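Whatever order the structure lists them in is the order used to number ligands and atoms, beginning at 1. Note that these values count all heavy atoms, side chains included, but never hydrogens, waters or copies made by symmetry. Given the structure is predicted, the values throughout are model-derived calculations rather than measurements. Position 1 is the first residue of the sequence; numbering continues from there.
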Amino acid sequence: MECKVFQNRIAPFFLWFLIIFTIFLIFSTYSSDPFSHGPKDKLSQQNQSSLSPAWPPAQPPLMPLPMALQIEEECDMFNGRWVKEPRGSPYTNESCRTLPVLKNCGKYGKEDGYIYWRWKPDGCDIPRFDPKIFLAIVRGKKLAFIGDSLARNHMESLLCLLSQAESPINVYKDPQDKFRTWEFPSHNFTLMVMWTEFLVFGTERMINGTGSNNFDIHLDRINKAWADQISSLNYIIISSSNWFFRKNYLYENGNLIGCVNCNEGNLTQFSIGFAVQRVFRTALKYISSCEECKKDLVTLVRTYSPSHFEHGHWFTGGYCNRSHPLDEREVDIFGGMSWELRKIQFEELGRMTEDGKNNKKFKILDVTKAMLMRVDGHPGSYWPAKRNVNDCLHWCLPGPIDMWSDLLLKALRKD
Ligand SMILES: *[C@@H]1O[C@H](CO)[C@@H](O)[C@H](O)[C@H]1NC(C)=O
Ligand SMILES: *[C@@H]1O[C@H](CO)[C@@H](O)[C@H](O)[C@H]1NC(C)=O
Ligand SMILES: *[C@@H]1O[C@H](CO)[C@@H](O)[C@H](O)[C@H]1NC(C)=O
Ligand SMILES: *[C@@H]1O[C@H](CO)[C@@H](O)[C@H](O)[C@H]1NC(C)=O
Ligand SMILES: *[C@@H]1O[C@H](CO)[C@@H](O)[C@H](O)[C@H]1NC(C)=O
Ligand SMILES: *[C@@H]1O[C@H](CO)[C@@H](O)[C@H](O)[C@H]1NC(C)=O
């Protein structure tokens, strides 16, 4: 890793050296000046491969430079590793008064080792989250998290981070606590969360009056509960995926087209990825063609957040009691469902940004790889659970999910 950083810093200098050297070489080759033969002879004795792996004498010498500079400036925030952070989190379960009890892992006895890590992108550092800077950027703006309980988890984390600079006031909460609005009055900043399991319209199938945990999902019908509320927003952070892992029925044009995670002889079986692809397409299209929306609306797609159940799942004894982040080599990053869903989200986002018709901004908050390594950051058994159920899906607060707001701040700064 250190070596990569070194290369990134050194590469441009070295390329400059090569360019000057090449110009000198060309000059000396075609010059009749007798002095010019010195360096040329020296070069022919030298092993060229030892000069630089990027030494291609046949290539035009000026080509590599812009690329090298780009690498230097555009650090890839999403590739990196978790390194020790002795300072821990910017907040604690004492200093964040809005910290929900379900995420207060410390209170339920979880060893706090998982707090002392920070995400280190290859080739650069993320500055420690500064709530004052964040609030200065979003002054007079409205930001909404749209999605399921992981979207809520992110909002709760951001609330804790921001509350270190100003105490938020909860100004709205619907009866089911699916929609909430917080104000930061001295920054005139509004933070909202809007609940939607699927982004599109879906209803639970009832069996004899009780919920069956299976849903009818209309892939091409936007969920109006959130969609009708976006016209005043400046920022949207949109996510979804986890609810597609149950048995669900899919509709297009009002017609049942098949199901996911099902085994019903007469129904076409679709993959989770197919359903996720379609709902992101529907949601992003809706946002991009929203005429009442603000001109400066920025939409960020937060990529898939993986769970870490081992030896079972929610209700089959699954647990997650590891005490360290995994090393990149210990995770099958590219082989699993997480990466596939992330890829689909990237593709659908790409479709929007390539679509020249709209000038709304779309960005990505790519958290999947970083979170795949954080087996240690879930509540597990350290939460007020009914029965013996472990939560290996949501993230403790403070905890690794706080990093999502570092990436968010970085993304907002660029606008
Ligand atoms: C020169 O390069 C060749 C192959 O590229 C390598 O086998 C050889 O060891 C190198 N010699 C020196 C002195 O570096
Ligand atoms: C905060 O977490 C610590 C353990 O890290 C725990 O002892 C304490 O009770 C918690 N405080 C609150 C207010 O939840
Ligand atoms: C707060 O921001 C809104 C725009 O979102 C603006 O219309 C309003 O005037 C601002 N209020 C104050 C007190 O600055
Ligand atoms: C629904 O109730 C009926 C009558 O009480 C019963 O026969 C049937 O098995 C129930 N169906 C399910 C899926 O529980
Ligand atoms: C599939 O079969 C079930 C049970 O046999 C039936 O209730 C359902 O209507 C069938 N669905 C379709 C689309 O034919
Ligand atoms: C995790 O839990 C399992 C099952 O209870 C146990 O066998 C294992 O030793 C635990 N590992 C750690 C690191 O605590």
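- Of the protein's heavy atoms, Y319 OH, 4.6 Å lies nearest to atom 7 (O) of ligand 6.
- Ionic pairing of K224 and D228 is present here: one or more N-O contacts between side-chain nitrogen and carboxylate oxygen are shorter than 4.0 angstrom.
- Closest protein heavy atom to atom 4 (C) of ligand 3: G140 O, 3.3 Å.
- For atom 12 (C) of ligand 2, the nearest protein heavy atom (residue, atom name, distance) is N93 ND2, 3.4 Å.
- Across D376, N321, N390, heavy-atom proximity to atom 6 (C) of ligand 6 is greatest for N321.
- Contact check on D366 versus K369 returns no salt bridge, with no Lys/Arg side-chain nitrogen under 4.0 Å from an Asp/Glu carboxylate oxygen.
- For atom 14 (O) of ligand 6, the nearest protein heavy atom lies under 4.0 Å away.
- The nearest heavy-atom contact from the protein to atom 9 (O) of ligand 2 is K107 CA, 4.5 Å.
- Screening F244, F280, F245 for a ring pair (Phe, Tyr, Trp, His ring centres under 6.0 Å) involving F198 leaves a single residue, F244.
- Taking any N or O of N188, backbone or side chain, at least one lies under 3.5 Å from an N or O belonging to ligand 3.
- Look at N104 and you'll find a heavy atom under 4.0 Å from some atom of ligand 2.
- Between E328 and R81, none of the side-chain N atoms (NZ, or NE/NH1/NH2) sits under 4.0 Å from a carboxylate O, so this pair counts as no salt bridge.
- Salt bridge status for R351 with E347: absent, with no side-chain N to carboxylate O gap under 4.0 Å.
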Stepwise side chain to side chain contact (heavy atoms under 4.5 Å, CB included) test for L150 and R302:
CA-CA 10 Å; L150 270 309; R302 196 262 298 148; 3.3 Å; yes

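- The aromatic ring centres of Y108 and W383 sit 6.0 Å or more apart.
- Within a 4.0 Å radius of atom 2 (O) of ligand 6, the protein has at least one heavy atom.
- Looking at atom 5 (O) of ligand 2, its nearest protein heavy atom turns out to be G106 CA, 4.1 Å.
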